[in-house]
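Structure first, then comments.
Computed from heavy atoms alone, side chains included, the values below leave out hydrogens, waters and symmetry copies. Just so it is clear: chains get the letters A, B, ... in the order the sequence lines come, proteins before strands, and each one is counted from 1.
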2 protein chains.
Amino acid sequence: MTDSPRPRARGADKRRRLTAAAARVLHEQGVERTTLADIAHAADVPVGNVYYYFKTKDDLVQAALSEHSAHLAELTGRLDELPDPRERLKALVETWIGQRDVAARFGCPTGTLAVELDKRADGTLDLEAGKVIGQLVDWAESQFRELGLPGPHDLAITFVAAYQGMSLMANALREPGIMTREGARLIDWLDSLAATGDRVPAPADPTGS
Amino acid sequence: MTDSPRPRARGADKRRRLTAAAARVLHEQGVERTTLADIAHAADVPVGNVYYYFKTKDDLVQAALSEHSAHLAELTGRLDELPDPRERLKALVETWIGQRDVAARFGCPTGTLAVELDKRADGTLDLEAGKVIGQLVDWAESQFRELGLPGPHDLAITFVAAYQGMSLMANALREPGIMTREGARLIDWLDSLAATGDRVPAPADPTGS
DNA sequence: GTCTATATCTAGATAGAC
DNA sequence: GTCTATCTAGATATAGAC
């Protein structure tokens, strides 16, 4: 508030570098196998200096999750500019297919983080990754609702589950082609929706599809 | 070799207990967060004694994977007694739904293990969990082939990916209901197959499963 | 604000007594 | 064959010099 002569100019830069490095390295190596030295080295910051910007390792994990969340928000924000909700969903699948090589090597950044954090018994970060996945579900649900499809929430769950499933399989079997084939199948599924019912209401069919 | 008066009677028992405890605890806590003391305690074996049965921690992880593989083989072996391949697949999905609570808390044992091991850069165990998933894919592929459906391998990938996806989502969002709803959807999908193409012959296929 | 040196703690692994 | 005591490495975190 007082006139501080921007003493944190380079400091903020280092914090940003550490956050970006954490997001990348934690995705590649997982939380438990990654040391602070790994992140510091990737960010080109002296090891001991990390604690000036982040009090604990978990704070860095939280920062990485925020990074993923912001990245997702930016991506969906761009997709929102497309006029048709169905085209937005299909474009998202295309994005995933485009990242098939990294998915086959390291899996979905948020999904694999969720798997690892869910193993925690203490209530520290075990649900934080789930929130980011929930953010994606919410966005997808909005698209399905805008399309007038019945059960938009369940459709969104199915949609995101398909992405997580194909990412895990591509990763476990080290086959990027799984992303391509399952992605195409997912797009077909999006196209098939409402082709059956067409009209909006859908009397009383909670099962959908 | 000589007539040893079964000195390994209790020894073999302890090894079995350690393997079973490893499978359970590694599923619940993950590999990196689980200590040898955790496994020893769960197996009711003194901590230092573990090394008499397993040279390294990774040996215990491998033993847990073998346990999961054997469990899967036993399960599919029972399903193979059903006359119709489609019923076998549907019965498997029912089994998964029946385990929804543990899936929502800890995820699929093999799938979460695969996610964690895939993060390893060294070539130690990073592909071992993928082999167990491949074992499931192979079994499912046999069923689809026996049904005379085109592209049985890809169908098997889709099938297992759906399972992994719904397990991960149920786990990340802590909602067992996802297993129920997505499981029902998966069964509907199985029923819908071949409704399109009707089955092309494959009348007497000697290779079939 | 930045960084080095170091304290502390934990877990994997081993030596050797019983 | 069983178990205890201990060694050692490495990682988080801190104290304090610059």
Subject >> Salt bridge A:Glu146-A:Arg88, side-chain N to carboxylate O under 4.0 Å >> reply: yes
Original post:
Are A:Arg105 and A:Asp101 close enough for a salt bridge, meaning some N to O gap below 4.0 Å?
Top reply: no
Subject >> Per-nucleotide protein contact string for nucleotides 9-14 of chain C, where B marks a base within reach and S marks sugar-phosphate only (heavy atoms under 4.0 Å, - for neither) >> reply: --SSBB
**OP:** Nearest whole angstrom, please: distance from the P of C:dG1 to the CG of A:Asp13.
**Re:** 14 Å
Original post:
Using 30° and 60° as the class limits, which term best fits the ring planes of A:Tyr163 and A:Trp96: parallel, tilted or perpendicular?
Top reply: parallel
Subject >> Rounded interatomic separation in angstrom, taking CG from B:Leu18 and P from D:dT2 >> reply: 11 Å
Original post:
Once you round it to whole Å, what is the distance between P of C:dG1 and OH of A:Tyr52?
Top reply: 4 Å
Original post:
To the nearest angstrom, how far is B:Asn49 atom CG from D:dA5 atom P?
Top reply: 14 Å
**OP:** Go through the side-chain N and O atoms of B:Asp122 and B:Thr124 and say whether any donor and acceptor fall under 3.5 Å apart.
**Re:** yes
Original post:
Between B:Asp191 and B:Lys90, does at least one N-O distance fall below 4.0 Å, as a salt bridge requires?
Top reply: yes
Original post:
Between A:Arg185 and A:Asp188, is there a side-chain N and carboxylate O pair less than 4.0 Å apart?
Top reply: no
